[in-house]
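Only one structure is covered here, and it is reproduced in the block below.
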Amino acid sequence: MSTTPEVRSTATTLTLRINGEEHEMRLDNRTSLLDALRERLGLTGTKKGCDHGQCGACTVLVDGYRAVSCLQFAVAAEGRDIYTIEGLADGDTLHSVQRAFLDHDGLQCGYCTPGQICSAVGALEEADRGWPSVVSDDVAAGVPSAAALTRAEISERLSGNLCRCGTHRGIVDAVLDAAGAGEETAR
């Protein structure tokens, strides 16, 4: 009688839908979505910052919601729509948030920029759904739309994304512009 324990496979064959394309791969069940994107698919726009979910550099959109990809297992993302920075533009036409980051100098070294942009896209969609933030005037009522966001709202909503270069003012200006916020809310 053998005393050697049975070894089970820790790999799964799965299909991930990323930026509108399906990718079949066999991954160790412990592989993070971040590592699958960067190491298996070559989508290196998504950055590995802290690898602990604290800096936001790895933020992607999963089913339209923000997700720090370093904390999500790739197997848990099967069947979901995943968008990275590489999938936001429409051919040569930049997403409105990408264009606003360029117009408002919302980047310096650029390392955090892909996560900042994905987070901003998600934050604007949350605001359009009426989701309040900690600094919303009326938490029960939420916000009427992304166009109604203030500087304080944008800063709060993006607080999970760190910029070590100190470009936060340009980032907030860019997100306000992309949201269509008027001058009265932008100040």
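The residues of the chain are indexed from 1 along the displayed sequence.
- Looking only at distances, no side-chain donor or acceptor of Thr31 sits under 3.5 Å from a matching main-chain atom of Ala74.
- Note: Leu43 CG to Leu34 CG = 11.0 Å, rounded to the nearest 0.5 Å.
- Side-chain atoms of His52 come within 3.5 Å of backbone N or O of Cys50 as a donor-acceptor pair.
- We find the CG-CZ distance between Leu124 and Arg129 to be 11.0 Å, quoted to the nearest 0.5 Å.
- Under the 4.5 Å side-chain heavy-atom criterion for ILVMFWY residues, a single connected hydrophobic cluster contains both Ile171 and Ile154.
- By the neighbour-count criterion of 12 heavy atoms within 6.0 Å, atom CZ of Arg169 is sparsely surrounded, having that number or fewer from other residues, nucleotides or ligands.
- Closest approach of Thr46 to Ser69, counting heavy atoms only: CG2-OG, 3.7 Å.
- No donor-acceptor distance shorter than 3.5 angstrom exists from the side chain of His104 to the backbone of Gly106, with no hydrogens or angles considered.
- Between Thr84 and Asn19, the side chains place a donor N or O and an acceptor N or O closer than 3.5 Å (distance only, hydrogens not considered).
- In this structure, CG in Leu88 is found 13.0 Å from OG1 in Thr93, a value given to the nearest 0.5 Å.
- Here the shortest heavy-atom pairing between Val97 and Ala178 reads CG2-CB, 3.7 Å.
- Side-chain heavy atoms closer than 4.5 Å link hydrophobic residues (I, L, V, M, F, W, Y) into clusters, and following such links, even through other members, never connects Tyr83 to Ile18.
- Between Val60 and Gln72, the closest side-chain pair of non-hydrogen atoms is not below 4.5 Å.
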- Message: Is there a side chain to side chain contact (heavy atoms under 4.5 Å, CB included) between Arg17 and Glu78? Walk through the geometry before answering.
- Response: CA-CA 7 Å; Arg17 192 171 40 255; Glu78 186 170 30; over 6 Å; no
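- Hydrophobic clustering of Ile, Leu, Val, Met, Phe, Trp and Tyr side chains at less than 4.5 Å, counting indirect connections, unites Ile117 with Val172.
- Judged purely by atom type and a 3.5 angstrom limit, Asp63 uses its side chain to pair as donor or acceptor with the backbone of Asp81.
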- Query: Run the side chain to side chain contact (heavy atoms under 4.5 Å, CB included) check on Thr13 and Met25 step by step: do they pass?
  - Reply: CA-CA 6 Å; Thr13 300; Met25 61 190 82; over 6 Å; no
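- Closest heavy-atom contact between Phe101 and Val175: CE1-CG2, 4.2 Å.
- Put simply, the side chain of Ser119 never gets that close to the backbone of Gln116: no donor and acceptor are under 3.5 Å apart.
- Within the model, atoms CG of Asn161 and SG of Cys112 stand 7.5 Å from one another, a figure rounded to the nearest 0.5 Å.
- Heavy-atom neighbours of Phe73 CZ from other residues, nucleotides or ligands within 6.0 Å: at or below the threshold of 12.
- Residue Asp28 places its CG atom among more than 12 non-hydrogen atoms of other residues, nucleotides or ligands, all under 6.0 Å distant.
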- Message: Using the rule given for side chain to side chain contact (heavy atoms under 4.5 Å, CB included), can you reason through Leu33 versus Ile82, listing the C-alpha separation, both sets of side-chain angles and the distance that settles it, and then say yes or no?
- Response: CA-CA 10 Å; Leu33 178 57; Ile82 302 159; 4.0 Å; yes
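- Atoms OG and CD, from Ser133 and Glu126 in turn, are 10.0 Å apart once rounded to the nearest 0.5 Å.
- Both Leu16 and Leu37 sit in one connected hydrophobic cluster of ILVMFWY residues. Membership requires side-chain heavy atoms under 4.5 Å apart, directly or through other members.
- Closest approach of Ala179 and Ala146 over heavy atoms only: CB-O, 3.4 Å.
- For the atom pair CG of Leu41 and CD of Glu21, the computed distance is 10.0 Å after rounding to the nearest 0.5 Å.
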- Item | Evaluation steps, side chain to side chain contact (heavy atoms under 4.5 Å, CB included), between Cys163 and Gln108 | CA-CA 9 Å; Cys163 173; Gln108 278 187 20; 5.9 Å; no
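- Using a distance-only test at 3.5 Å, with no hydrogens or angles considered, no donor-acceptor pair links the side chain of Thr12 to the main chain of Leu14.
- Asp51 and Cys70 make their closest contact through OD1-CB, 3.4 Å (heavy atoms, listed as atom of the first residue, atom of the second, distance).
- Side-chain N or O atoms of Ser136 include none that pairs as donor or acceptor with a backbone N or O of Asp138 at under 3.5 Å.
- The pair Arg157-Glu153 meets the salt-bridge criterion, since a charged nitrogen lies less than 4.0 angstrom from a carboxylate oxygen.
- With hydrogens and angles disregarded, a donor-acceptor distance shorter than 3.5 Å links the side chain of Arg40 to the backbone of Arg26.
- Residues Val62 and Val75 share a single hydrophobic cluster, defined by chaining ILVMFWY side chains whose heavy atoms lie under 4.5 Å apart.
- Between Arg66 and Glu125 there is no salt bridge, since no side-chain nitrogen of the basic residue lies less than 4.0 Å from a carboxylate oxygen of the acidic one.
- Look at Asp35 and Lys48 and you find a salt bridge, because one of the NZ, NE, NH1 or NH2 atoms lies within 4.0 Å of a carboxylate O, short of that distance.
- The shortest non-hydrogen separation linking Ala147 to Gly180 is CB-O, 3.9 Å.
- Between the side chain of Arg38 and the main chain of Thr44, a donor-acceptor pair closer than 3.5 Å is present.
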